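The structure under discussion appears below in the form of structure tokens.
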Amino acid sequence: MTGKHEGIKGIRGIRLLRKDWMAAVLFLAPSLIGFSVFYLIPFATGLLYSFQDSTVDGTFVGLDNYQAVLSSGSFRKAAANTLLFTGVSVPLIIALSLCFAQLLNRRLFIRNLLQTAFVLPLVVPVASIVMMWQILFDWNGTLNVWLQHLHMGRIDWMKSEWSMVVLVVVYIWKNIGYNIILFLAGLQSIPKDYYETADIEGASGLHKWLHITWVYLTPTMFFVVLMSIINSFKVFRETYLIAGDYPNDRIYMLQHYMNNMFMSLDVQKLTAAATLMVAAILLFVSVMLMMERRFRSFME
Amino acid sequence: MVLFRKIALTVVMSIFALVMLFPILITFSNSLMTESEIDYNYHLIGKMVNVAAGEKNGFINLKLIPDWVSLSQYGEVLVHKPLFMHMFWNSVFMVLPIIIGQVVVASLAAYAFAKLRFWGREKLFVVYLMTMLMPFQVTLVPSYIIADKLGLMNSTAAIILPGIFSAFGVFMLRQFMLHIPYSYLEAAKMDGAGQLRIFYSIMLPLIKPGMAALTVLLFVDNWNMVEQPLIFLEDAFKQPLSLYLSRINEGARGVAFAASALYMAPMVLMFLYAESYFIEGIQLSGIKG
């Protein structure tokens with residue numbers, strides 16, 4: 001009896017699976033075709049170019065291009081700056097947005113209005129940001145007026161060590177609202193009675209935060225980190241419009257490097273640099289995914 | 001005591017909120033000034049002024065309230081700069097196809113990734129995820145070559161087509177669909193509905209907030225596009241407003257504020273209109289990583 005049952009189940013399972021498979025092909029086809037043509041194939045060709053000496057009838061040169069890129073001073077500078085920028089701004093924006101999300105999650109007046117205000121920078125066009133940037137951070141700009149009033153010297157924001165700070169500030173200003181909404185959603189999905197139980201047991205605020213808030217926010221965290229990294233790459237737009245091809249050394253990013261290699265038609269260096277960047281992203285995402293999987297199995 | 005804390009917290013958060021809104025407020029208030037007032041306030045931008053030359057004259061003058069409320073800047077942009085409206089429509093006809101195309105294509109693909117079982121699903125999805133994370137510059141050369149091979153150079157299709165097939169929509173809508181219980185779909189299956197019907201009559205109505213959120217994000221992202229048109233569109237008449245605006249900054253600052261305000265207006269309006277959807281959409285797609 002059981003054998004027959006399992007047999008029927010199995011057949012039905014296979015049939016369902018096959019139906020699913022056919023439907024999946026249909027549903028995926030439009031996206032997959034376009035995705036392949038415009039993203040996958042370009043990426044694969046880029047990878048191929050990075051191992052050749054020329055894009056037309058190139059011969060395989062192994063890791064020569066990589067060697068050239070890695071030994072180039074401007075690439076190293078760009079890579080270090082990008083790493084520094086992402087390494088500083090992403091943790092910072094996550095800490096700040098979590099903090100603001102928790103404040104917005106408390107009882108306060110005009111909450112929806114405040115929430116809107118935090119998200120609205122998302123829609124401010126790059127060109128307006130650039131204009132603000134000029135007004136605030138110019139040598140004769142508003143921030144320097146204030147510094148002067150406080151009897152401190154002017155700072156040449158965009159041409160000094162401060163340029164990286166300015167970049168981080170602009171990035172955080174623009175993207176924090178998005179993260180706040182994500183965190184608010186995460187916070188609101190934590191059942192209230194967890195906190196009530198902890199209160200009865202006399203848990204401290206820190207204890208509650210570490211063992212309830214932090215733990216239940218981890219899945220949201222994964223998403224926020226991913227989005228923050230994507231958005232951190234987009235700061236290039238603003239930097240490019242304000243400072244052009246060759247900005248101050250401190251904010252010369254990988255995207256500048258690649259852009260300039262493109263302009264000078266140095267495809268080999270560009271693709272090798274791109275591949276290195278992708279390898280770094282891949283490594284990071286794999287670690288994140290692994291950690292998430294660990295976390296999920298730990299939760300279950 | 002509780003009330004006091006509530007008020008204090010509201011005040012503190014309002015101050016932060018104002019800081020966030022500051023650039024938007026400045027743009028709109030300055031767009032109502034006369035050109036001469038703008039010129040007077042900002043003519044020092046980009047100039048090296050000797051500190052010793054005197055404090056007051058050495059700085060730009062940031063003002064929130066215009067001396068005279070004037071629409072002259074708007075007149076200048078709308079009447080004397082025909083290129084502005086032309087590029088406005090360029091932007092519209094670039095962004096609309098991308099939004100419509102991506103919402104359609106991505107919702108189909110997201111359904112397959114979220115609710116259909118097939119071999120290699122997870123691996124393929126990771127590939128999508130990877131390309132989403134890559135900055136545009138990474139695939140610059142091959143994209144250029146492919147656009148060239150397909151005869152898309154200097155055509156808006158070189159921007160619209162990659163826009164439609166970007167992985168972001170698939171990622172976002174998949175997150176959203178993961179939260180929809182299988183039981184809804186099973187019930188429809190029992191009633192003999194095919195996958196296409198399940199997708200159309202059950203899934204689509206349920207993910208409306210997700211599609212609205214995606215629409216807002218795609219609109220904002222593509223309205224602000226800079227790199228792609230810079231590389232694929234040589235012809236200035238085909239370029240979108242974002243590029244026009246980045247150029248106008250350099251020269252006539254008087255017009256730049258009105259142009260920015262006009263440029264920002266569709267996004268702010270759309271955002272305010274769709275905000276509840278947008279926030280609900282982001283929230284629902286973000287809850288479970």
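Proteins come first, then strands; the chains are lettered A, B, ... in the order of their sequence lines, and each starts at number 1. As the structure is a prediction and not an experimental result, all values here were calculated from the model.
- With a 4.5 angstrom heavy-atom cutoff, A:Leu122 touches chain B via backbone and side-chain atoms both.
- With rounding to the nearest 0.5 angstrom, the CE atom of B:Met13 is 6.5 Å from the CG atom of A:Leu108.
- A 4.5 Å side-chain heavy-atom check between A:Val123 and B:Phe219 finds every atom pair outside the cut-off.
- Proximity of B:Ile146 to A:Ile41: side-chain heavy atoms (C-beta onward) are separated by under 4.5 Å at one or more points.
- Looking at heavy atoms from C-beta onward, A:Arg106 lies in side-chain contact with B:Arg5 at the 4.5 angstrom threshold.
- Using a 4.5 Å heavy-atom threshold, the side chains of B:Ser14 and A:Leu114 count as touching.
- In this structure, the side chain of A:Trp173 engages the main chain of B:Met20 through a donor-acceptor pair within 3.5 Å.
- Neither the backbone nor the side chain of B:Asn30 comes within contact range of chain A, judged by heavy atoms closer than 4.5 Å.
- For A:Leu103, the parts lying under 4.5 angstrom from a heavy atom of chain B are both the backbone and the side chain.
- Residues passing the side chain to side chain donor-acceptor pair (under 3.5 Å) test with A:Asn105, sequence neighbours excluded: A:Gln188.
- For a residue to count as touching a neighbouring chain, one of its non-hydrogen atoms must lie under 4.5 Å from one of that chain's; by this rule A:Phe183 does not touch chain B.
- Residues B:Val105 and A:Phe35 form no side-chain contact, since every pair of their non-hydrogen atoms from C-beta on lies 4.5 Å or further apart.
- At a threshold of 4.5 Å between non-hydrogen side-chain atoms, the residues A:Ile135 and B:Asn41 do not count as touching.
- Residue A:Leu32 touches chain B through both its backbone and its side chain, counting heavy-atom pairs closer than 4.5 Å.
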Show the numbers, then the answer: is there a side-chain contact (heavy atoms from CB on, under 4.5 Å) between B:Tyr128 and A:Ser31? CA-CA 10 Å; B:Tyr128 267 68; A:Ser31 169; 2.8 Å; yes
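- For a residue to count as touching a neighbouring chain, one of its non-hydrogen atoms must lie under 4.5 Å from one of that chain's; by this rule B:Phe16 touches chain A with backbone and side chain alike.
- At a 4.5 Å heavy-atom cutoff, the contact between B:Leu150 and chain A is made by side-chain atoms alone.
- Two residues are said to be in side-chain contact when any heavy atoms from C-beta on lie closer than 4.5 Å; B:Met134 and A:Phe43 meet this criterion.
- When ring centroids are compared, A:Phe27 and B:Tyr111 come within the 6.0 Å threshold.
- With a 4.5 angstrom heavy-atom cutoff, B:Ser166 touches chain A via backbone and side-chain atoms both.
- Looking at A:Leu113, neither its backbone nor its side chain comes within 4.5 Å of chain B, counting heavy atoms on both sides.
- In this structure, CZ on A:Phe38 lies 13.5 Å from OG1 on B:Thr131, to the nearest 0.5 angstrom.
- For chain B, the nearby part of A:Met227 is the side chain; its heavy atoms alone come within less than 4.5 Å.
- For chain B, the nearby part of A:Leu40 is the side chain; its heavy atoms alone come within less than 4.5 Å.
- Rounded to the nearest 0.5 angstrom, A:Leu120 CG and B:Met264 CE are separated by 9.0 Å.
- If you take OG1 on B:Thr10 and CG on A:Leu104, they are separated by 10.0 Å, rounding to the nearest 0.5 Å.
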As a quick check of understanding, evaluate side-chain contact (heavy atoms from CB on, under 4.5 Å) for B:Leu108 and A:Leu28, giving each step before the final call. CA-CA 7 Å; B:Leu108 287 168; A:Leu28 259 180; over 6 Å; no
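- Using a 4.5 Å cut-off between heavy atoms, A:Val224 makes no contact with chain B at all.
- Heavy-atom distances place no part of A:Tyr257 under 4.5 Å from chain B, backbone and side chain included.
- Between the CE atom of A:Met263 and the CD1 atom of B:Ile231 there is a distance of 5.0 Å, given to the nearest 0.5 Å.
- Heavy atoms closer than 4.5 Å to chain A are found nowhere in B:Val104, neither backbone nor side chain.
- At a 4.5 Å heavy-atom cutoff, the contact between A:Phe262 and chain B is made by side-chain atoms alone.
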